[in-house]
Participant: 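One structure coming up, written as structure tokens, with questions to follow.
In the text below, chain A, chain B and the rest are named by the order of the sequence lines, each starting its count at 1. Side chains are part of it too, since the values below use all heavy atoms of this structure and drop only hydrogens, waters and symmetry mates.
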Amino acid sequence: MVSAGRHPKKEVAEALKRAEAAGLTVREVHRGHRWGVVSCVPCRATQAVYATPRDPGTHAKVIGWFTQNRAHP
Amino acid sequence: MPVHVFTIVLDREPDDVEFDALFEAAGDDPGIGTEGGVPIVHFNRAASTLADAIASAVRDIESVGLRAMRILDEDLLTLADIADRIGRSRESVRRYATGERGGGGFPPPVNPQHEGTIFYRWSEVAPWLRERLGMDVAEPDRTLVVANLMLQARPHRTYVEHMSALTGLLAV
């Protein structure tokens with residue numbers, strides 16, 4: 001697995017680092033618009049990460065909400 | 001324009017083609033994923049009203065061949081869930097429901113005939129708690145409630161003889 005810090009958009013990369021620090025799994029996919037996926041195995045929850053989001057700040061916020069909503073930090 | 005935040009449950013997980021098509025159709029980075037293994041799309045959508053935001057999101061989803069099943073909400077609750085939400089004991093809430101406290105008129109359960117878990121709608125219980133007990137509980141968002149009922153009615157409408165007799169009730 002490649003480090004989540006390598007996402008080209010800084011805000012998204014930072015959100016992914018926080019997700020990993022919270023115990024979530026970040027996996028790179030690189031398929032179509034998808035850069036990767038954040039997942040919480042106990043919750044059976046996933047969140048797609050875009051390679052080139054239109055609004056990186058909002059995309060980073062969505063990843064942040066996804067991280068905060070997990071009952072299994 | 002205000003940004004409205006909501007989550008729509010899909011009929012199935014998008015394949016790669018549908019995933020990219022939805023990203024392009026939506027134009028606002030829809031949060032495609034799963035919750036409890038159920039496929040969902042999380043929206044932060046700018047629109048003049050929440051109803052407009054939901055309608056345009058549903059159209060985006062369905063333009064790529066997926067189906068919007070419902071809006072994710074926490075409207076169906078047990079008495080224990082209601083007790084947790086309002087910080088009262090389960091026994092107190094049971095007495096509200098039976099009419100032993102609160103003066104009666106507690107909203108009826110969704111499935112009263114069921115022998116297992118009984119569910120109530122928070123969108124009905126919250127106004128009762130405000131009006132009868134003066135509790136400062138958050139007002140449920142009626143737009144979400146109606147949007148959900150609309151989405152859930154759609155798959156069945158073609159099976160209903162004289163559907164307009166029922167949709168006409170919305171005007172009563």
Participant: First locate atom CZ of B:Phe43, then atom CG of B:Asp28, and finally report the distance between them rounded to the nearest 0.5 Å.
Facilitator: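 The CG atom of B:Asp28 is 6.5 Å from CZ of B:Phe43, to the nearest 0.5 Å.
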
Participant: Which value, rounded to the nearest 0.5 Å, describes the distance between A:Asn69 atom CG and B:Glu35 atom CD?
Facilitator: 7.0 Å

Participant: Apply salt bridge (Lys or Arg N to Asp or Glu O under 4.0 Å) to residues A:Glu14 and A:Lys61 and explain how you reach the verdict.
Facilitator: CA-CA 10 Å; A:Glu14 286 171 358; A:Lys61 266 189 212 168; over 6 Å; no

Participant: So does A:Arg27 pair up with A:Glu20, basic N to acidic O under 4.0 Å?
Facilitator: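 Looking at A:Glu20 together with A:Arg27, the answer is no, because their closest N to O distance does not fall below 4.0 Å.
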
Participant: How long is the span from the CG atom in B:Leu66 to the CD1 atom in B:Ile8, to the nearest 0.5 Å?
Facilitator: 11.0 Å

Participant: Is any residue of residues 10-24 of chain B within less than 4.5 Å of chain A by heavy atoms, and which ones?
Facilitator: B:Asp16, B:Phe19, B:Asp20, B:Phe23, B:Glu24

Participant: What residues of residues 84-102 of chain B sit under 4.5 Å from chain A when only non-hydrogen atoms are counted?
Facilitator: none

Participant: Hey, could you give me the OG/CZ distance between A:Ser39 and A:Arg44, rounded to the nearest 0.5 Å?
Facilitator: 13.0 Å

Participant: Can you check whether A:Pro53's main-chain N or O pairs, donor with acceptor, with B:Asp29's side chain at less than 3.5 Å?
Facilitator: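 Absent.
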
Participant: For chain A, which residues from residues 130-152 of chain B lie under 4.5 Å away (heavy-atom distances)?
Facilitator: none

Participant: Side chains of A:Val29 and A:Trp35: does their closest heavy-atom pair fall under 4.5 Å?
Facilitator: no

Participant: Under a 4.5 Å heavy-atom cut-off, does chain A meet the side chain of B:Pro39, its backbone, both or neither?
Facilitator: neither

Participant: So what's closer than 4.5 Å to chain A heavy atoms on B:Asn44: side chain, backbone, both or neither?
Facilitator: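 B:Asn44 touches chain A through side-chain heavy atoms alone.
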
Participant: Can you tell me which residue pairs pass the salt bridge (charged side-chain N to carboxylate O under 4.0 Å, His left out) test with a partner in residues 48-64 of chain B, sequence neighbours excluded?
Facilitator: B:Arg45-B:Asp60, B:Glu62-B:Arg154

Participant: Hey, are the side chains of B:Asp75 and B:Trp122 touching, using non-hydrogen atoms and a 4.5 Å cut-off?
Facilitator: yes

Participant: Measure from the side-chain N and O atoms of A:His59 to the backbone N and O of A:Tyr50, and report whether any donor-acceptor pair falls under 3.5 Å.
Facilitator: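 Judged by distance alone, yes, a pair lies under 3.5 Å.
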
Participant: Given the options B:Gly33, B:Gly36, B:Gly31, which has more heavy-atom pairs under 4.5 Å with chain A than any of the others?
Facilitator: B:Gly36

Participant: Cation-pi check, A:Arg70 to A:Phe66: give yes when NZ or CZ is under 6.0 Å from the six-membered ring centre and within 45° of the ring axis, no otherwise.
Facilitator: yes

Participant: For B:Ala47, does its backbone N or O pair with a side-chain atom of B:His4 as donor and acceptor, under 3.5 Å?
Facilitator: yes

Participant: Report the distance from atom NE2 of B:His42 to atom CD1 of B:Ile32, rounding to the nearest 0.5 Å.
Facilitator: 12.5 Å

